[in-house]
Protein chains: 2
Amino acid sequence: MQPKITLKDLANLAGVSISTVSKALNDSPEIGEKTRVKIKEIAESYNYVPNNIARSLKSKSTKIIGVIIPAILLEFFSKVLYGIEMEATRLGYKIVICLSNESHQKEVESIDTFINGSVDGIILSVAEETQKNKDYSHFYKTLKYNVPMVMFDRVIDEITCDKVTVDDFEGAFKATNFLLEIGCENVVFLNIISNISVGQLREQGYVSAMQKSDKEVKILTPQHYNEIEKELLPVFKNEKVDAILAADEYSAVLAMNVARMNGYDIPKDISIIGFTNGLISEHAIPSLTVVSQHAENIGKQAVSSLVNRLESETSTETIHTVVKTNIVERNSTR
Amino acid sequence: MQPKITLKDLANLAGVSISTVSKALNDSPEIGEKTRVKIKEIAESYNYVPNNIARSLKSKSTKIIGVIIPAILLEFFSKVLYGIEMEATRLGYKIVICLSNESHQKEVESIDTFINGSVDGIILSVAEETQKNKDYSHFYKTLKYNVPMVMFDRVIDEITCDKVTVDDFEGAFKATNFLLEIGCENVVFLNIISNISVGQLREQGYVSAMQKSDKEVKILTPQHYNEIEKELLPVFKNEKVDAILAADEYSAVLAMNVARMNGYDIPKDISIIGFTNGLISEHAIPSLTVVSQHAENIGKQAVSSLVNRLESETSTETIHTVVKTNIVERNSTR
DNA sequence: TTGAAAGCGCTAACAC
DNA sequence: GTGTTAGCGCTTTCAA
């Protein structure tokens, strides 16, 4: 692999000094018209490209944002990523992505590879394992190193940094009210993600709405998708239930299936709402009414918070941006 | 943002020279036991992290792979990305991602930001617009700059670089044969992606299988999803058709809907196969039989080809890896 | 065993 | 208008 051409090479070729070349290429007014043109021609003909690494070393800024997401196969995260990439590009930044795959260890390693100068700042959503074991030392390290960090969706209260979340509490609250208002009496909350912050907030929103209307709370917390049927069966058999609010979209679709297999007609006998407005919801039959979190917006907000901090001189208070949800009404609710 | 601690700072603190610190931290045998321990302690207590940019400048290698994908919201690409990230991590590389969003311009810009030393090599799938306008100058530039590049899925024959593709021809050939073998007589090929290489290869595979069995070829090439119904209607009304092979999964699901609305029972009256084994296929009703491309494998292969080239001294012939497809049988075929 | 010095490619203050 | 020089943080050869 032949070495790339450098400023020095160009200087030799043009018979001038390195700094003259540098200035000429950067359109410095110090340099004379003909010299500049000549140098630019030479650079062009030799396919000169400035070395970005050297520039970063000099400028102490990389114009790169490090992103750590727990799982790219979850559509929600790829949508957020889309928003992040769009906004980063708009603001002149590139993104580097690491996947934690919900593992604490991988999250720690990703942080380590980011805080050595390779990125100007970090955007991340906390891995499930980290939310369970509550070992936040890598985040404290990031703060200590003064690397700006923005957490989105799955955030940690005790870490002081900018945050972008969905109003999960309010989303669940609104969805529960929606169900009550269309006449449902017995709303069950199916929480497949009771382990993570997001799931807990949704649960609280549900509980709050139910209690406000003096309804009885009924929560199921299966630990895995394959436990959903087992948990739901006794409810369908022995209790009256006319609505299910599920903490994600996939469990909502599974709940629809179980309901149907037990003779329920959707939405006549039972109404179902899920969280996350993804492909599955759209293409399920019947199509699923969901609480949309506006994943792209979350990504954009996160970038915008981070870049704000990067480019403002003074270090201001941390900001917690809350993105509002809304209900996308489809055919799984009356 | 307080400046990070450097080797120089540590040298001052320890009262030794910079190079001693460097060697001590890198466990050089040149350095004495006690000095090394002392220096490491100081480094530890001051939270020293070596600056990766400076290292890259010195070593001329970043251990970063640049990835350009046309669209992250297409599940296929996020699966490939998953494979890329896994394999890259395993081999000690990070990935930087740019999205071309199918735009030629953005693809060119992404290439530009990569070939300035920020990455060791590039993995990409060509944007639709580039495949249409056939302007490949940015790829030639990459070759000229000796930046190793691997193209996957959507590749360009005339560019000499490593490639990883799915055997699209064979996939369509096998799927068509599958339909013929279960007794279908009139198989229609619905090609929503006739603009891109992948779509053309699938079409050829279909044609080849049909001709081999002396069946009449019937191809539809809608330019957008919203034209599918219009294109299919006359076929359903006026011709006999008992099978549809669609070039992606979404058009297959739409075709199922149109078929059903026209009184066809699936799979009794008509069998349908799509390409891409994604969420939609799995959750469609009936679930969709598909040709799976093993997206993750494609990603892994691409990384492995690239790293091979990066780490081997000699520059060998370019390699075109072909990942085999297989048919995932579900309920949309008899 | 430790240190001095050069250099990776670039920028910019300062001199000429 | 052009060149000299120092320096970003690190590694590494060579000298002490």
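Each chain gets a letter, A, B and so on, in the order the sequences are listed, and its residues count up from 1. Not measured: the values here are computed from a predicted model.
Residue B:K58 places a side-chain atom within donor-acceptor reach of the base of C:dG7, judged by atom type and a 3.5 Å distance cut-off alone. A donor and an acceptor atom sit less than 3.5 Å apart, one in the side chain of A:K23 and one in the base of D:dG3. Counting distance only, with no hydrogens placed and no angle test, the side-chain atoms of B:S19 and the base atoms of C:dA4 include a donor-acceptor pair under 3.5 Å.
With rounding to the nearest 0.5 angstrom, the NZ atom of B:K144 is 4.0 Å from the CG atom of A:N47.
As rounded to whole Å, 13 Å separates atom P of C:dT11 from atom CD1 of A:I31. Note: CG (B:N51) to P (C:dC8) measures 18 Å, nearest angstrom. Atom P of nucleotide C:dT11 and atom CD1 of A:I18 are separated by 11 Å, given to the nearest angstrom. Atom P of nucleotide D:dG3 and atom CG of A:L10 are separated by 14 Å, given to the nearest angstrom. Rounded to whole Å, the distance from CD1 on B:I53 to P on D:dC10 is 11 Å. Taking atom CG of residue A:N52 and atom C1' of nucleotide C:dC10, one finds them 11 Å apart after rounding to whole Å. Distance CG (A:N26) to P (C:dC10): 10 Å, rounded to an integer number of Å. Rounded to whole Å, the distance from CD on A:E33 to C1' on D:dT2 is 16 Å.
One finds no side-chain N or O of B:Y48 lying less than 4.0 angstrom from the OP1 or OP2 phosphate oxygen of D:dG9. Using a 4.0 Å cut-off, some side-chain N or O of B:R55 falls inside it from OP1 or OP2 of D:dT11. In this structure, B:S56 does not reach the C:dC8 phosphate: none of its side-chain N or O atoms is under 4.0 Å from OP1 or OP2. The side chain of B:T20 contributes an N or O atom lying less than 4.0 Å from OP1 or OP2 of C:dG3. Taking side-chain N and O atoms only, B:T6 has no distance below 4.0 Å to OP1 or OP2 of D:dG9. At D:dT11, one or more side-chain N or O atoms of B:S22 fall inside 4.0 Å of OP1 or OP2 (strictly under the cut-off).
Looking at the side chain of A:L7, the nearest of the listed nucleotides C:dT11, C:dG3, C:dC8 is C:dT11. Proximity note for B:S17 (side chain, C-beta onward) versus D:dT11, C:dA4, C:dG9: the nearest is C:dA4.
Using a 4.0 Å heavy-atom distance criterion, A:S59 is classed as making no nucleic acid contact.
Shown here for B:Y93 and B:I64, the closest heavy-atom pair between the two residues is CD2-N, 4.0 Å.
Taking the ring-ring contact (aromatic ring centres under 6.0 Å, His included) definition, one finds that A:H320 meets it with nothing, sequence neighbours left out.
Residues B:L57 and B:V16 each lie close to DNA chain C; by heavy-atom proximity, the contact nearer the 5' end of the strand is made by B:V16. Both B:E30 and B:A54 lie near DNA chain C, and the one whose nearest nucleotide falls closer to the 5' end is B:E30.
Residues A:E87 and A:S304 have side chains that never bring a donor and an acceptor to within less than 3.5 angstrom of each other.
Remark: of the listed residues B:E107, B:Q105, B:R154, B:E107 is the sole one forming a side chain to side chain donor-acceptor pair (under 3.5 Å) with B:T130.
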Original post:
What's the verdict on side chain to side chain contact (heavy atoms under 4.5 Å, CB included) for A:I69 and A:F152, showing C-alpha distance, side-chain angles and the deciding distance?
Top reply: CA-CA 10 Å; A:I69 55 175; A:F152 73 88; 3.9 Å; yes

